[in-house]
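Here's the structure, in structure tokens; my notes come after.
Both counts, for ligands and for their atoms, begin at 1 and track the order of listing. Here the structure is a predicted model, which means the values were calculated and not measured.
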Amino acid sequence: MIIEPRTRGFICLTSHPKGCEQNVIDQIEYIKSKGAIDGAKKVLVIGASTGFGLASRITSAFGSGASTIGVFFEKPPSEGRPASPGWYNSAAFEKEAHKAGLYAKSINGDAFSNEIKKQTLDLIKADLGQIDMVIYSLASPVRTHPDTGAKYKSVLKPIGAKFQNKTVDFHTGVISEVSIEPAQGDDIENTVAVMGGEDWKMWIDDLKSEGLLSEGFTTIAYSYIGPSLTEAVYRKGTIGRAKDDLEATAFTISDSLKPLNGKAYVSVNKALVTQASSAIPVIPLYISLLYKVMKEEGIHEGCIEQIQRLFQDRLYADKIPTDDKGRIRIDDWEMRADVQARVAELWKEATTETLPKIGDLKGYEKDFFNLFGFMVEGVDYDEDVNEIVEIPGLQ
Ligand code: NAD
Ligand code: NA
């Protein structure tokens with residue numbers, strides 16, 4: 001079939017197998033161009049199919065020659081209906097990994113559930129024996145608790161007071177005023193239950209109690225801080241509480257890993273266009289201004305550049321540099337004082353009329369469509385493609 005983008009709000013309903021494949025190949029080529037990283041050799045990536053998790057899987061495999069197991073939740077294709085992009089990404093990744101002689105298998109299902117945990121543990125036992133690294137990169141709006149069956153929904157709300165600021169519809173470029181009511185009732189607890197650290201700890205506890213973690217094991221999860229501009233709705237909002245919880249969980253997990261000389265880390269990453277971040281109000285406008293400034297300064301990075309630098313210069317450096325809260329910072333270029341001062345100035349000037357000039361709306365849009373395999377260089381979109389693609393190592 002000929003596949004074209006079909007958008008509804010901040011999501012795209014279709015995705016292109018060839019475009020997704022090309023994105024993965026481009027990321028692999030980037031990692032190969034940067035040379036070998038002396039990193040983990042047996043790696044489990046939870047949330048491995050898109051964004052930072054996919055970049056982490058690619059960096060582990062093609063930077064360190066690692067065997068990887070990827071867990072994700074993606075929609076398979078059916079006749080006339082393309083899969084979700086993470087499906088095609090994972091198919092392309094495994095095809096390339098296998099060509100390179102690397103072990104790569106995947107599990108598609110709800111990582112929060114006991115069933116998927118058990119299936120993953122069984123696969124590790126059967127194929128890898130033990131693992132030396134877990135990358136935890138889930139971004140989900142919902143979670144069903146595996147023990148109680150309670151269903152939690154995360155919300156993106158400020159805490160204490162209504163939030164009012166500019167936002168952009170990145171499809172039309174129209175800037176408008178958005179107003180978000182503060183969290184109520186169980187909003188905070190629910191968001192922490194979905195995006196906090198409980199599930200990360202459950203994974204590590206399960207793996208540890210089955211003896212599947214090697215001596216010197218490490219695990220890493222991803223967080224975000226961002227500027228004061230977005231603070232009320234992000235870091236000091238409901239999602240920020242979940243990130244506080246995730247960051248605190250790193251210490252609890254580290255304690256439990258002491259007998260193995262293991263450690264848990266949180267890395268604070270840069271704001272990037274992913275399916276998760278496009279859904280957050282205000283963030284797309286911030287990102288389009290940030291991209292403009294960072295590109296002008298020659299310090300713009302995508303997921304793959306971020307993770308390559310995280311592994312090379314932080315995680316596998318002789319001494320892992322952390323901030324005063326024990327976090328690895330790879331958002332250092334985003335948070336540079338000159339960059340933030342410039343973004344804050346542009347923010348004040350941003351209107352529907354000025355944005356095309358002062359912001360990188362084009363870059364935002366391209367990155368957004370790229371997530372779904374569209375607007376990718378070297379792909380012929382007039383070509384008939386088969387929407388039915390298999391993931392070679394899918395269990
Ligand atoms: P993403 O949407 O690209 O990736 C989410 C991944 O989680 C996908 O692989 C998806 O299949 C998987 N997933 C979702 N629900 C699942 C479930 N129930 N079971 C199994 N897999 C499931 O998101 P991302 O932006 O790469 O986010 C990953 C992490 O990085 C998050 O913790 C996020 O907060 C953090 N982060 C993101 C940004 C950003 O700007 N995008 C910045 C800093 C940190
Ligand atoms: Na991810």
Between Asp205 and Lys201, does any side-chain N to carboxylate O distance fall below 4.0 Å?
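Looking at Lys201 together with Asp205, the answer is yes, because their closest N to O distance falls below 4.0 Å.
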Would you call Lys362 and Glu365 a salt bridge, using N to O less than 4.0 angstrom?
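No.
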Numbering the atoms of ligand 1 from 1, which are under 4.0 Å from a heavy atom of [X]?
X	result
Ala271	40 (O)
Ser137	5 (C), 6 (C), 7 (O), 28 (C), 29 (C)
Ser140	15 (N)

Does Gly109 reach ligand 1, in the sense of a heavy atom lying below 4.0 Å from it?
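It does; at least one heavy atom falls under 4.0 Å.
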Less than 3.5 Å apart, any donor N or O on the side chain of Trp200 or Thr219 sitting next to an acceptor on the other?
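Short answer, yes.
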Is there at least one pair of N or O atoms, one from [X] and one from ligand 1, spaced under 3.5 Å apart?
X	result
Asp110	yes
Ala111	yes
Tyr224	no
Phe73	yes

Which bit of Arg143 gets closer than 4.0 Å to ligand 1, counting heavy atoms only: side chain, backbone, both or neither?
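Contact part for Arg143 vs ligand 1: neither.
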Please classify the Ser223 to ligand 1 contact at 4.0 Å (heavy-atom distances, strictly less than): side chain, backbone, both or neither.
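It is the backbone that touches ligand 1; the side chain stays farther off.
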Would you say Phe93 and Ile58 make side-chain contact, with heavy atoms under 4.5 Å?
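Yes; the side chains approach each other to less than 4.5 Å.
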Taking the side chain as C-beta and beyond, is there a heavy-atom pair between Asp127 and Ile69 under 4.5 Å?
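No, their side chains stay 4.5 Å or more apart.
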For the residue pair Tyr152 and His145, categorise the inter-ring angle as parallel (less than 30°), tilted (30 to 60°) or perpendicular (more than 60°).
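Ring orientation, 0 to 90° scale: perpendicular.
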Kindly assign one of parallel, tilted or perpendicular to the pair Tyr381 and Phe374, based on the angle between their ring planes and the thresholds 30° and 60°.
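Tilted, since the angle between the ring planes falls between 30° and 60°.
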Tell me which one of Ile283, Leu138, Val142, Leu272 gets a heavy atom nearest to atom 31 (C) of ligand 1.
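Answer by nearest heavy atom: Leu138.
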